[in-house]
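Heads up: the structure comes next, in structure tokens.
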Number of protein chains: 2
Amino acid sequence: MNIRHLTFRLLQVHVEVVRRGSVSEAARRLHLTQPTVSQQLKRLREAVGEPLLATRQGRLEPTEAGLELYRASREVLGRFDDFADYLGALRGGRRGHFSIALVNTAQYVLPRLLGPFNQAYPEVEVTVHIGNRQQMLRRFDRQEDDLYVFSHPPSLAHALAGRFLRNPLVMVVPRDHPATREPGWRLHRLLGERLLLREPGSATRMLTERWLLEQGQATGPTMQMASNEAIRVGVASGLGLAILSEHVLPPEHPDLVTLPVPGLPIESHWQFIARRDRRLAHSALGFLRFARDHLDDCVEARFLCNELPELLAGLEAVEA
Amino acid sequence: MNIRHLTFRLLQVHVEVVRRGSVSEAARRLHLTQPTVSQQLKRLREAVGEPLLATRQGRLEPTEAGLELYRASREVLGRFDDFADYLGALRGGRRGHFSIALVNTAQYVLPRLLGPFNQAYPEVEVTVHIGNRQQMLRRFDRQEDDLYVFSHPPSLAHALAGRFLRNPLVMVVPRDHPATREPGWRLHRLLGERLLLREPGSATRMLTERWLLEQGQATGPTMQMASNEAIRVGVASGLGLAILSEHVLPPEHPDLVTLPVPGLPIESHWQFIARRDRRLAHSALGFLRFARDHLDDCVEARFLCNELPELLAGLEAVEA
DNA sequence: GAGAAGTATAGATGTTAATCAATGGATAGC
DNA sequence: GCTATCCATTGATTAACATCTATACTTCTC
């Protein structure tokens, strides 16, 4: 038997003929003419190298080989029906896998979206990679993930972006800091104090440094700490001041105060980035649609900034 | 996904590429050129409607759809390997089914062949139909069986025959019959007695009547009984005489005597008959080969008459 | 034994598949 | 950054498929 000459179509025809016990009837059901079916059977018989059907009292009955082929064909066609279902689920975004890469700061918010998404699409697996901006840029360059979250996107030559969340950076000081009691405190005094900074490559640090430059003020000593957590705890313990994302602050923070500094908060946004040159996994697309539709249920209204409709429109244009 | 454009060949190629992680390597293994494989992959991708492979760190890895297709393909190809095995067994006569139709008298001998055959080929199923000559002729006309056993074959226009066993018909009388003590008994006296006959249509009866005619003797009363068993018991109980196949007599028969009548035994033979216009099941062919090779182990030497080599040669000529 | 229904074959045609050699563009390793 | 390797594409050719209409052949049925 030469499997290379078998096609699924031939198997379908064989199954139909065995079921109906008649070439003509099978032809009608398959919307073919009778000679076509006869010829397909002939080819199938030649491919298998055995007679597959025998006429017994006016009805076509499969031979032993024909019966076994019928069984095999049904299994095989059934298996591909299953595969088609799988594909359908994949395409509908109801199943599959995608990965998303976050800058550190975003990890405080994204679970609010991922949790409900997972409830709604339990068969979709999501891998989340977390790191600082530098690391995320590397992943982006290597196209390692389906989606990225940046506050300031890299070159958009090969990517599409859509904002989804405000990310205001505010000045945090210890609760007992003199400026909290002294209405007339001066910025240059404040900036003379020690500033706790994220490592270079962090977006928070970049924005902070740019803002400091804009202020045209001399700055005091700094201390570098590699995580938002560490900085927050550092400020609370009187180690210095810091400019941090509001999302980093816990809802209740008895040891900290955000200081209403003129020129602050630094307005930045998080955005979803998808590469334009790489086909997005259906499930990732499904996640973006979910985010678009449920963002306002998942995040506080004051942070809302839903530009995802535009992003999705852009992505769908790329598809076509 | 349009299943009509899928071929087993494409699946084989996909499986090989996924296994090797390389188009070129797969091409080498499949004895194809690299562009051929690339193009097959393209067709497959188009048939499925999804990307199936993605290059990840220098190696081709299947996408989710590609992985699922790989799984489906392996199952399906495996299923057809099984089918090929089944076909092999069928063709080798190691499995399958055939039916054989016997005239009544032959049922005393055929089990001697069928028993050992079943030991040697436990996966072959045999259906045995038993009846008198008339009934067997009907079955033969309708081509209902693979093999037939006749003592006198029907027209051989559409069939091939091969003798395999002598079937001598002898005169049986009760043990206490006068002729057994009286050396000078006369045939015409004997034939004046009641003769137990099989029903019309029976081969034994046909041969008996022809022999009686040849003797040119007037015959006495007759009684008709529908089975060899009944006749044997009838003779033993003094109901009359009979001409019976030696095979019908049990090894020990205290109530019966076979009388050495001049002109007896009537020499006849059993033969296997196979239709020439119907392809013989591989298993039936296997049975004939088995009979050819093991006949002398299965029957008494004095009945041996193995013309099966000729029959098989004839059948193989028909195949070609 | 004539008719009806079913099946097989033949001839024709447009489509698709299978395959190759040649070539251009990506990528990884040194 | 150069080079070898790999992959995709193009263009071409031959074979195979899918399908039809028309016709011939079987085989039940009445």
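Residue numbering restarts at 1 for every chain, and letters A, B, ... go by the order of the sequence lines. In what follows, every heavy atom counts, from backbone to side chain, and hydrogens, waters and symmetry copies are set aside.
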Report task. Ignoring hydrogens and angles, state whether a donor on the side chain of H282(B) or E50(A) is under 3.5 Å from an acceptor on the partner side chain. Result -> yes

Report summary line: Whole-Å distance, E61(A) CD to dG6(C) P, equals 16 Å

**Report entry** Under the salt bridge (charged side-chain N to carboxylate O under 4.0 Å, His left out) test, residues paired with E125(B) that sit two or more places apart
**Finding:** none

Query raised in the report: Under 3.5 Å, is there a donor-acceptor pair between the H97(B) and S283(B) side chains?
Result: no

Report summary line: By nearest-heavy-atom nucleotide on DNA chain C, the more 5' of R45(A) and Q39(A) is R45(A)

Query raised in the report: Touch check for L41(B), heavy atoms < 4.0 angstrom, all strands: base, sugar-phosphate only, or nothing?
Result: nothing

Query raised in the report: Which ring pair (Phe, Tyr, Trp, His ring centres under 6.0 Å) pairs, counting each pair once, include a residue from residues 62-81 of chain A, with sequence neighbours left out?
Result: F8(A)-F80(A), F80(A)-F83(A)

Requested in this report: Hey, can you tell me if F164(A) and F272(A) have their rings parallel, tilted or perpendicular (30° and 60° cut-offs)?
Outcome: parallel

Report summary line: Winner on side-chain proximity to L60(B), out of dC17(D), dC7(D), dT19(C), is dC7(D)

Query raised in the report: To the nearest angstrom, how far is F8(A) atom CZ from dC17(D) atom C1'?
Result: 17 Å

Query raised in the report: Rounded to whole angstroms, how far apart are CZ on R59(A) and P on dT7(C)?
Result: 10 Å

Query raised in the report: Any luck finding a side-chain donor-acceptor pair between Q12(A) and R9(A) under 3.5 Å?
Result: yes

Query raised in the report: Expressed in angstrom and rounded to an integer, what is the separation of E46(A) atom CD from dA16(D) atom C1'?
Result: 12 Å

Query raised in the report: Can you check the L10(B) CG to dA16(D) P distance for me, whole Å?
Result: 17 Å

Requested in this report: Using whole Å, report how far CG of L52(B) lies from C1' of dC7(D).
Outcome: 16 Å

Report task. Kindly state which residues belonging to residues 19-36 of chain A come within less than 4.0 angstrom of DNA chain C, counting heavy atoms of the residue only, listed by number. Result -> S22(A), V23(A), S24(A), Q34(A), P35(A)

